[in-house]
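Below is one structure, written out as structure tokens, with a few remarks after it.
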There are 4 protein chains.
Amino acid sequence: MAPRKKKQDDAPQPSSNAGGIAADQLRSFVDRIERLETEKKGIADDIKDVFTEAKGNGFDVPTMRLLLKLRKQKPHEREEQQSMLDLYLHAMGMAGEYTIAEQQGIDDASAGKVATDNPFLTDDPRHTQWATGWQMQTTLLATQDENQPAGA
Amino acid sequence: MAPRKKKQDDAPQPSSNAGGIAADQLRSFVDRIERLETEKKGIADDIKDVFTEAKGNGFDVPTMRLLLKLRKQKPHEREEQQSMLDLYLHAMGMAGEYTIAEQQGIDDASAGKVATDNPFLTDDPRHTQWATGWQMQTTLLATQDENQPAGA
Amino acid sequence: MAPRKKKQDDAPQPSSNAGGIAADQLRSFVDRIERLETEKKGIADDIKDVFTEAKGNGFDVPTMRLLLKLRKQKPHEREEQQSMLDLYLHAMGMAGEYTIAEQQGIDDASAGKVATDNPFLTDDPRHTQWATGWQMQTTLLATQDENQPAGA
Amino acid sequence: MAPRKKKQDDAPQPSSNAGGIAADQLRSFVDRIERLETEKKGIADDIKDVFTEAKGNGFDVPTMRLLLKLRKQKPHEREEQQSMLDLYLHAMGMAGEYTIAEQQGIDDASAGKVATDNPFLTDDPRHTQWATGWQMQTTLLATQDENQPAGA
DNA sequence: TTCGTCGATAC
DNA sequence: GTATCGACGAA
């Protein structure tokens with residue numbers, strides 16, 4: 001009941017619409033995607049080559065990957081994540097003691113001081129340490145405002 | 001300014017709340033997760049062992065994986081997916097011709113017949129072929145109702 | 001106990017070798033990689049756009065992905081994989097019966113016939129079916145030669 | 001050329017060896033794997049529940065994941081990785097200056113001192129800083145021995 | 001042992 | 001649905 005092979009395909013479009021579907025269109029999409037994937041693969045290979053070259057020059061590839069990852073994060077995010085991690089590490093007893101400047105940052109944040117109250121000059125290493133402590137405590141306080149951890 | 005080492009932690013809770021965070025609670029969560037992950041790893045290893053044993057008995061592991069994947073899908077989904085794929089393969093010219101029974105299923109679906117109109121007995125191979133063709137065409141028609149592919 | 005800030009850096013290379021490491025070289029590698037990753041991301045976005053467009057034209061994206069995957073495999077691999085899968089599906093009772101032509105391919109393979117002994121013309125649907133059965137049985141026999149499944 | 005349906009299956013083993021393959025054995029493997037995967041899934045769900053509960057108590061899940069990851073690494077690996085990263089961050093100009101104690105650790109490592117030459121008491125924050133600098137420089141020197149970066 | 005591919009999982 | 005991560009198999 002109906003001519004064989006390809007269904008109700010009465011229109012004589014050459015090779016188009018085969019099987020009732022927009023065959024040409026499908027082919028077009030598939031071709032475009034395959035072409036783009038080829039390009040993408042080429043670039044992925046290039047990246048791999050650069051890593052190989054770097055390795056040949058004595059660089060540690062996993063560390064480079066980590067470095068690239070950190071660069072993708074905005075400095076602010078990175079600091080916040082790091083502070084939170086420090087906080088958890090300390091809670092777990094997996095970190096050393098705080099440095100003096102870190103401790104001072106913590107205290108100052110508790111006392112309501114703001115980031116610009118950093119008492120150290122920017123080229124003093126303690127500047128960063130104070131900032132880390134301040135950030136850590138600020139993050140903690142913000143978290144505690146939003147949630148009520150057991151015991152709060 | 002403020003006693004050193006651990007912040008404003010005046011309450012003497014033993015090891016709790018260290019760093020201002022609910023340390024005991026954190027430790028508890030971490031322990032539970034690590035314990036569960038250990039169990040999970042054990043089971044993953046067991047699975048690996050079974051595959052290894054199967055391989056030693058001459059079975060092809062990738063094919064077994066594929067088989068397991070297919071079994072996860074409901075038969076209905078599998079058929080539908082397969083029909084759609086057949087449709088696309090035909091449109092791309094990547095498949096052989098339809099079998100006679102498939103073609104008949106296609107025509108019958110176009111003619112508005114329903115799944116139970118399958119003219120073949122269930123133990124006839126053409127039963128399945130007709131069903132595939134019918135399902136394929138039914139899927140196609142449903143798709144065309146929902147969308148207007150260019151040219152429709 | 002040595003001049004401060006940057007170690008044994010006696011050579012006056014400007015900004016190079018900072019920290020004893022080939023800093024300029026590292027920066028170069030990192031820059032190249034980041035540039036390539038940007039390009040790669042752009043292409044990935046283009047691919048996504050094509051899928052979105054195809055979807056808007058009524059195509060089923062998961063099926064297209066499957067289609068693309070199949071096209072990546074060489075036809076020979078695909079057939080072999082499919083035959084092996086059929087074999088396992090039959091063994092699990094998850095497949096319908098063999099078609100007549102498939103069965104004949106199985107028997108012919110068992111009888112030592114070769115692929116070119118296909119008794120059907122290439123435009124006959126049974127050509128493919130015979131080939132599938134032949135391939136399946138050939139694969140099975142090859143497997144049995146290599147291993148000794150229990151009972152062999 | 002032999003009665004149809006199931007090949008050269010002359011032995012009457014009930015449902016076994018169907019299709020020439022050790023069907024029962026295959027089914028057994030598949031069952032075992034599916035059972036194990038079910039268990040594995042259950043545990044994965046439990047883990048997810050714990051994370052959800054932790055989140056409900058104000059903990060940051062990504063940070064917890066990071067913490068768990070760090071705990072999986074041996075402390076030694078972690079230090080080494082961290083030192084290498086610091087080294088690269090400094091080279092890229094993405095880190096602050098070294099602390100005094102770090103710098104001293106760097107110098108001491110260059111001077112051939114060993115890890116136990118740490119001049120700070122273990123409860124002094126500078127103990128850790130010195131160790132980081134020492135480790136970093138030690139790692140660097142080891143790397144330079146193995147490779148010849150351009151310019152060495 | 002290292003690399004590349006593949007599947008799983010988290011966002 | 002996508003991108004990252006870890007695991008597995010191959011060389």
Side-chain angles (χ1 to χ4, degrees), chain A residues 33 36-37 40-56 60-62 65-66 68-73 77 81, chain B residues 33 36-38 40-56 59-73, chain C residues 33 37-38 40-56 59-66 68-70 72-74 77 81, chain D residues 33 36-52 54-55 60-73 77:
Chain A
I33 290 169
L36 288 166
E37 283 185 342
K40 191 167 148 224
K41 176 107 183 14
I43 294 177
D45 288 344
D46 289 345
I47 292 174
K48 189 188 302 187
D49 288 344
V50 178
F51 275 119
T52 302
E53 189 185 342
K55 185 176 194 169
D60 183 68
V61 173
R65 288 187 191 280
L66 192 50
L68 286 159
K69 189 183 216 171
L70 291 174
R71 281 170 66 87
K72 277 190 207 157
Q73 306 177 22
E77 294 174 59
Q81 167 76 89
Chain B
I33 290 169
L36 288 167
E37 282 185 341
T38 303
K40 190 166 148 227
K41 176 103 182 16
I43 293 177
D45 288 345
D46 289 346
I47 292 174
K48 188 193 302 191
D49 288 344
V50 178
F51 275 119
T52 302
E53 188 185 342
K55 186 177 193 168
F59 291 100
D60 183 67
V61 173
T63 302
M64 284 180 72
R65 289 188 191 279
L66 193 50
L67 180 62
L68 287 159
K69 188 184 225 171
L70 290 175
R71 280 170 66 88
K72 277 188 208 159
Q73 306 178 21
Chain C
I33 290 170
E37 282 184 343
T38 303
K40 190 166 146 227
K41 177 105 184 14
I43 293 177
D45 288 344
D46 289 345
I47 292 174
K48 191 190 299 189
D49 289 343
V50 177
F51 275 119
T52 302
E53 188 186 342
K55 186 177 194 167
F59 292 101
D60 183 67
V61 172
T63 302
M64 284 180 71
R65 289 187 191 280
L66 193 50
L68 287 159
K69 189 181 210 172
L70 291 174
K72 275 189 208 157
Q73 307 178 22
K74 300 210 152 159
E77 293 175 59
Q81 168 76 90
Chain D
I33 290 170
L36 287 167
E37 282 185 342
T38 302
E39 288 181 47
K40 188 165 149 232
K41 176 103 182 18
I43 294 177
D45 288 344
D46 289 345
I47 292 174
K48 191 188 297 190
D49 288 344
V50 177
F51 275 118
T52 302
K55 186 176 193 168
D60 182 67
V61 173
T63 302
M64 283 181 71
R65 287 187 191 282
L66 192 50
L67 181 63
L68 286 159
K69 189 186 226 170
L70 291 174
R71 281 170 66 89
K72 276 188 207 157
Q73 306 178 20
E77 295 174 57

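The model shown is predicted, which means the values in this text are computed figures rather than measured ones. So you know, we letter chains A, B, ... as the sequences are listed, proteins then strands, and number each from 1.
- Between C:Ile33 and A:Val50 the shortest heavy-atom distance is CG1-CG1, 3.5 Å.
- In this structure, OG1 on B:Thr52 lies 11.5 Å from CD1 on B:Ile47, to the nearest 0.5 angstrom.
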Identify the pairs formed between an N or O of the protein and an N or O of nucleotides 4-11 of chain E at a distance under 3.5 Å, and give each distance.
{"from": "E:dC11", "atom 1": "OP1", "to": "D:Arg65", "atom 2": "NE", "distance (Å)": "3.4"}

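- Within the 4.5 Å cutoff, the side chain of B:Leu66 has heavy atoms near those of the C:Gln81 side chain.
- The NZ atom of A:Lys40 lies 9.5 Å from the CG atom of A:Leu36; values are rounded to the nearest 0.5 Å.
- Along DNA chain F, read 5' to 3', the first and last nucleotides having any atom under 4.0 Å from a heavy atom of chain B are F:dC8 to F:dA10.
- Going from atom NZ of A:Lys48 over to atom NZ of A:Lys41 covers 6.0 Å, rounded to the nearest 0.5 Å.
- By the salt bridge (Lys or Arg N to Asp or Glu O under 4.0 Å) test, C:Arg65 is found to be paired with no residue, residues two or more places apart in sequence or in another chain being considered.
- One finds the CD1 atom of D:Ile43 at 11.5 Å from the OG1 atom of D:Thr38 (value rounded to the nearest 0.5 Å).
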